[in-house]
Amino acid sequence: MGHVVAGAVFRDGRVLLAQRTRPPELAGRWELPGGKIEPGESAEQALARELREELGIEVRGADRFGPPVQLGSDLVMCAYRVDLVSGEPRPLDHAALRWVDAKELEQMDLVEADRAWLPALRDMLAG
Ligand code: 523
């Protein structure tokens, strides 16, 4: 079973979403950025690597929230709150980035799997 990590970065009452470019069925839809854990990596290490590669930022921590999501038969994905240590996010691997508040989050065309985290994200944006 492979594992995918997705990171939620918060700032000023907003969470960072990224617009996918691939595959075609997910292109244009928004996600919490992340990717597959590589052999030997912890979730925290995978998040740090993926967000460095995709957004050019340094993050630390991995505070899991919401339910795990099964992706097909051989991948499971979990969401983590991470702390932004340094850098300003840039879309190095996405079509665009957007900081959204609780209200804007409702309007975003999220990838289906990430919708499982909406209740938890709403709570964190409210609290
Ligand atoms: N998701 C997903 N939501 C989400 C992420 C980060 C990933 O539904 N927030 C899915 C999309 C793919 C799988 O998880 O089916 C792997 O994500 P991907 O493609 O972002 O991971 P990478 O970059 O590690 O994979 P490769 O493109 O294969 O290198």
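One-based numbering, in listed order, for ligands and for the atoms of each. If you're wondering where the values come from, they're calculated on a predicted model, not measured in any experiment. Computed over heavy atoms, backbone and side chain alike; hydrogens, waters and symmetry mates excluded.
Taking only nitrogen or oxygen atoms, main chain and side chain alike, Pro33 does not reach within less than 3.5 Å of ligand 1.
Counting atoms of ligand 1 from 1 in the listed order, those under 4.0 Å from a heavy atom of Glu50 are 24 (O). Shown in contact with Leu32 at under 4.0 Å from a heavy atom are these atoms of ligand 1, numbered in order with element: 4 (C), 6 (C), 9 (N). Distances below 4.0 Å separate heavy atoms of Gly34 from the following atoms of ligand 1: 6 (C), 20 (O). Listed by atom number, the atoms of ligand 1 under 4.0 Å from Ala113 heavy atoms are 8 (O). The Leu71 neighbourhood of ligand 1 comprises atoms 10 (C), 14 (O), with distances under 4.0 Å to a heavy atom of that residue.
Cluster membership for Leu55 and Leu84, using ILVMFWY side-chain heavy atoms within less than 4.5 angstrom, is shared. Linking Ile, Leu, Val, Met, Phe, Trp and Tyr whenever their side-chain heavy atoms come within less than 4.5 Å leaves Leu97 and Leu125 in two separate clusters. Hydrophobic clustering of Ile, Leu, Val, Met, Phe, Trp and Tyr side chains at less than 4.5 Å, counting indirect connections, keeps Leu32 apart from Val9. By the criterion of side-chain heavy atoms lying less than 4.5 angstrom apart, applied directly or through intervening Ile, Leu, Val, Met, Phe, Trp or Tyr residues, Val111 is not grouped with Met77; the two fall into different hydrophobic clusters.
For Arg60, the CZ atom is loosely surrounded, since the number of other residues' heavy atoms within 6.0 Å does not exceed 12.
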Exercise. Are Leu17 and Leu105 close enough, and set up right, to give a side chain to side chain contact (heavy atoms under 4.5 Å, CB included), and what steps lead you there?
Worked result: CA-CA 9 Å; Leu17 296 182; Leu105 179 64; 4.0 Å; yes
Exercise. Does the pair Val4 and Val69 meet the rule for a side chain to side chain contact (heavy atoms under 4.5 Å, CB included), with working shown?
Worked result: CA-CA 9 Å; Val4 176; Val69 181; over 6 Å; no
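Nearest protein heavy-atom contact of atom 3 (N) of ligand 1 is Asp114 OD1, 2.7 Å. The single protein non-hydrogen atom nearest to atom 21 (O) of ligand 1 is Gly35 CA, 3.4 Å, given as residue, atom name and distance. Protein heavy atom at the shortest distance from atom 5 (C) of ligand 1 is Glu31 OE1, 3.3 Å. Of the protein's heavy atoms, Arg20 NH1, 3.1 Å lies nearest to atom 20 (O) of ligand 1. If you check which protein heavy atom lies closest to atom 29 (O) of ligand 1, you get Lys36 NZ, 4.6 Å. In this structure, the protein non-hydrogen atom closest to atom 23 (O) of ligand 1 is Arg22 NH2, 4.0 Å.
Atom CH2 of Trp99 is separated from atom CG of Leu16 by 4.5 Å, given to the nearest 0.5 angstrom.
The heavy atom nearest to atom 7 (C) of ligand 1, considering only Met77, Glu53, His3, is found in Met77.
The residues Asp109 and Arg20 are annotated as not salt-bridged, no charged nitrogen and carboxylate oxygen being separated by less than 4.0 angstrom.
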